[in-house]
Amino acid sequence: MSLRHPTFTPSTCLLTPHRRCPGLLLLLPRHPLSLSRPASTSLRRHVSLFPRASSSVNGSVLKEELSLDDDGEFRNADKVGRRRWGDSVRSVLPGGAWWDLPEDVDVKLMAKPVTLWRALSRMWELVARDRWVIYSAFSALVLAALSAITIPHYLTSSIFSAQSGNVLVFRRNVYLLVVLCIVAGISSGVRGCCFGIANMILVKRMRERLYQSLLLQDISFFDEETVGDLTSRLGADCQQVSRVIGNDLNLILRNALQGTGALIYLLTLSWPLGLCTLSICSTLGMIMLIYGQYQKKIARLIQEYTASANEVAQETLSLMRTVRVYGTESQETGRYGKWLEKLASISLKQSAAYGFWNWSFNTLYHSTQVIAVLIGGIYILKGRITAERLTKFILYSEWLIYSTWWVGDNLSSLMQSVGASEKVFQLMDLRPSNQFISEGLKFPKLVGHIKFNDVSFYYPSRALVPVLQHVNLTVNPGEVVAIVGLSGSGKSTIVNLLLRLYEPTNGQVMLDGVPLKDWDVIWLREKIGFVGQEPRLFRMDITSNIRYGCTRKVSLEDVEWAAKQAYAHDFIVSLPDGYKTIVDDDLLSGGQKQRIAIARALLRDPTILILDEATSALDAESEHNIKGVLRAVRSDLTSKRSIIVIAHRLSTIQAADRIVVMDSGKIIEMGSHDELLLNNGLYAQLTRRQADAVA
Ligand SMILES: Nc1ncnc2c1ncn2[C@@H]1O[C@H](COP(=O)(O)OP(=O)(O)OP(=O)(O)O)[C@@H](O)[C@H]1O
């Protein structure tokens with residue numbers, strides 16, 4: 001929108017806050033009808049971006065500004081303009097509206113704030129096992145700080161002893177100076193190294209604990225959290241927190257020690273001068289506390305915005321084919337850019353706050369020098385202090401103020417890290433799923449008798465939508481039961497409950513007469529072979545993919561046997577490296593991935609086999625695979641398996657012992673293929689529809 005557009009007149013325009021930058025006012029057209037009013041040439045002078053005063057939000061200023069006299073000129077334009085500038089200057093001063101941070105950010109799950117002390121004690125828990133590193137680091141820190149703080153004293157003394165011609169004292173001072181420099185150098189090195197190690201330990205443990213905690217959450221947790229957000233916690237946030245020990249604490253403690261040493265020395269040199277410096281440092285300290293709190297809030301926002309940006313990037317990159325086909329690259333760039341803009345705006349405030357902090361420091365730093373020279377000079381003139389003492393004083397007051405600055409600077413960084421740690425600790429503290437806490441039953445053998453007893457269910461993320469309603473179903477050992485029905489009727493949900501990925505809301509799922517939740521879940525899942533609708537492969541070789549999750553000892557021959565049963569052997573041996581070929585989700589066709597997944601399921605020698613057939617274009621191939629597998633499994637007389645097949649191609653499951661027909665979360669028909677055809681219900685309808693489609 002050009003601001004010089006001829007239709008923008010006082011009567012046709014309205015000043016309104018800029019959408020992304022509330023500190024600015026934009027001139028926008030009023031009601032469309034008003035565009036027909038005569039244009040005022042005088043307005044063009046006023047058409048500009050005005051910084052918005054916080055007091056003008058309620059519109060009072062707007063009304064005043066837009067009241068026109070008979071000639072169409074603004075009556076109060078100058079006055080209002082001045083007030084605007086005054087208000088905008090006030091808004092950017094410390095405490096002004098510009099510094100306000102968004103409270104109603106549209107980011108999920110903002111963590112509860114943790115105190116500095118709490119964050120530090122949580123970090124200590126993580127590194128306590130290797131406390132020797134921390135102790136060594138702190139010992140080296142104390143030694144380095146003490147030796148460094150003593151150096152200016154001997155430096156000054158050496159110069160003044162040389163000036164007074166006292167060779168013995170000069171020699172002793174120089175000798176001590178050399179020793180102190182060596183000690184300070186070595187202990188600084190040891191300190192840096194030990195803090196670095198402690199840092200590494202902290203990040204490693206934090207990532208381990210966080211990862212472990214995430215992996216042990218209920219599946220419903222992953223329905224609500226996004227991968228991009230969680231990986232951001234593991235990556236960027238843990239890295240930010242890692243600065244705490246190696247950088248922030250290290251520098252804060254070193255400078256606090258050196259500052260305290262310098263202050264004591266200053267007070268012994270001249271207490272009035274020492275108190276002056278101390279008051280300046282206290283002012284700096286107060287500013288530092290406010291600045292630190294502000295930085296902590298900013299860090300939390302940056303962390304949330306970064307996670308949200310990651311979420312968008314992760315989603316877009318993983319759906320790149322869809323994005324390319326639908327040509328939504330610029331739309332996706334915009335979606336990502338929205339978060340980058342928020343990040344930029346918050347970083348701008350962060351940098352401005354840093355600027356203010358630096359400005360305060362420099363002003364106060366130079367004030368100490370001026371005060372020291374002024375008062376010290378008067379003292380020298382009065383003969384109450386020597387030039388050597390004043391020189392030492394100036395050197396140590398510099399130390400003190402610099403140390404205060406370093407403490408403040410690192411305290412703000414520490415606060416940022418604490419801000420970043422909140423969500424990390426919150427996720428780390430999540431209780432593992434009950435399935436992993438409780439000890440369940442393990443029998444030497446599972447028979448495979450499955451019973452759904454009046455089971456109703458809704459997904460926790462959609463608590464108001466019933467997905468299964470009063471489902472009663474039995475699968476006998478060695479029986480093949482097929483589940484069919486329209487898309488969304490709840491077929492896969494039945495399997496999800498059998499795998500104990502979710503717990504039924506009502507009713508019970510029983511296995512061999514024992515409620516599913518009483519079994520040891522890991523042991524139970526070992527007995528189930530599952531092939532999902534869209535099998536995913538890990539980036540590893542084919543053998544490892546087939547062996548994935550198999551706890552029994554299997555040889556390469558077993559892997560080949562499973563691959564042959566799953567009709568995968570022929571295509572595997574035709575690959576350049578055969579079973580050693582590295583594959584991942586993108587390197588094989590859908591049907592090939594499905595066959596590898598079937599081999600993976602069969603290799604476990606499962607008592608219960610679940611095949612969830614894909615609904616996509618794989619159908620013809622998928623049908624062929626599943627029919628073949630069913631034939632092979634049934635003719636395998638050595639083991640008796642209960643099999644549940646979810647099929648969309650009804651021809652796949654004609655040979656099943658029983659077919660269960662589902663509609664809107666309920667079982668509406670059950671029987672053999674012929675019985676159901678005679679019944680002339682939904683199954684017969686679906687079969688006819690598919691036959692027509694093929695014809
Ligand atoms: N994780 C989930 N969170 C919330 N709702 C879900 C979830 N998974 C599935 N649903 C909903 O539950 C209902 C049943 O889904 P389900 O996957 O069991 O159907 P289906 O019969 O297997 O469908 P299809 O044949 O298309 O695979 C659907 O309305 C679906 O939107």
Side-chain angles (χ1 to χ4, degrees), residues 108-109 214 217-230 311 315 318 433 435 450 452 455-473 475 481-507 509 516 528 530-536 590-591 593-594 597-598 608-623 625-626 643-653 656 658-670 676 681-683 685-687 689-690 693:
K108 311 177 288 166
L109 243 175
L214 293 178
Q217 292 311 303
D218 273 324
I219 286 293
S220 53
F221 169 85
F222 298 96
D223 289 342
E224 279 160 25
E225 289 285 334
T226 58
V227 177
D229 186 67
L230 297 178
E311 218 172 284
E315 187 176 64
S318 63
S433 162
Q435 298 186 343
I450 304 162
F452 279 69
V455 169
S456 298
F457 177 73
Y458 55 77
Y459 282 97
S461 53
R462 278 198 216 141
L464 296 176
V465 186
V467 175
L468 293 182
Q469 298 176 58
H470 308 288
V471 170
N472 286 293
L473 170 68
V475 180
V481 169
I483 306 178
V484 299
L486 294 175
S487 187
S489 55
K491 304 179 294 289
S492 300
T493 305
I494 289 210
V495 168
N496 287 343
L497 294 185
L498 184 57
L499 285 164
R500 259 195 93 191
L501 296 180
Y502 300 89
E503 306 290 343
T505 317
N506 276 312
V509 183
L516 211 56
I528 302 178
F530 170 67
V531 182
Q533 283 194 352
E534 282 162 25
R536 310 289 298 259
K593 282 193 285 186
Q594 191 194 37
I598 294 174
I608 299 168
L609 180 64
I610 301 169
L611 303 170
D612 194 350
E613 190 194 56
T615 49
S616 61
L618 299 178
D619 270 1
E621 193 180 2
S622 163
E623 177 190 3
N625 293 340
I626 291 187
I643 304 175
I644 295 180
V645 191
I646 297 177
H648 288 269
R649 290 221 157 193
L650 303 182
S651 51
T652 320
I653 39 91
R658 209 144 36 98
I659 298 168
V660 174
V661 187
M662 293 201 64
D663 188 20
S664 309
K666 293 183 188 143
I667 294 181
I668 54 161
E669 287 178 75
M670 203 184 297
L676 290 176
L682 180 64
Y683 181 78
Q685 239 181 60
L686 291 174
T687 317
R689 233 187 263 169
Q690 283 197 359

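Excluded from the calculations below are hydrogen atoms, water molecules and symmetry mates; all remaining heavy atoms, backbone and side chain alike, are included. Counting starts at 1 for both ligands and their atoms, in listed order.
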Residues forming a salt bridge (Lys or Arg N to Asp or Glu O under 4.0 Å) with R462, sequence neighbours excluded | none
Looking only at heavy atoms, what is the nearest atom pair of V455 and L497, with distance?
-> CG1-CD1, 3.6 Å
4.0 Å heavy-atom contact, G490 with ligand 1 = yes
For ligand 1, is any non-hydrogen atom under 4.0 Å from D223's backbone (N, CA, C, O), its side chain (CB onward), both, or neither?
-> side chain
Would you check if V471 and F457 make a side-chain contact, meaning some heavy-atom pair closer than 4.5 Å?
-> no
Close N or O approach (V467, ligand 1; < 3.5 Å) | no
Proximal ligand 1 atoms for T493, defined as those under 4.0 Å from one of its heavy atoms = 14 (C), 15 (O), 16 (P), 18 (O)
Which residue, I494, I668, L682, forms the side-chain contact (heavy atoms from CB on, under 4.5 Å) with M662?
-> I494
Report yes or no: does M662 have a heavy atom closer than 4.0 Å to ligand 1?
-> no
Is the closest side-chain heavy-atom distance between K666 and H470 below 4.5 Å?
-> no
Within a distance under 4.0 Å of any heavy atom of Y502, pick out the atoms of ligand 1 and give their elements.
-> 1 (N)
Check whether more than 12 heavy atoms from other residues, nucleotides or ligands sit under 6.0 Å from atom OH of Y458, and answer yes or no.
-> no
With a 4.0 Å cut-off on heavy atoms, does F457 reach ligand 1?
-> no
Ligand 1 versus R462: contacting region, heavy-atom distance under 4.0 Å = side chain
Any idea which atoms of ligand 1 are less than 4.0 Å away from a heavy-atom of S461?
-> 3 (N), 4 (C)
Would you please say whether a donor-acceptor pair under 3.5 Å links the side chains of T493 and Y502?
-> no
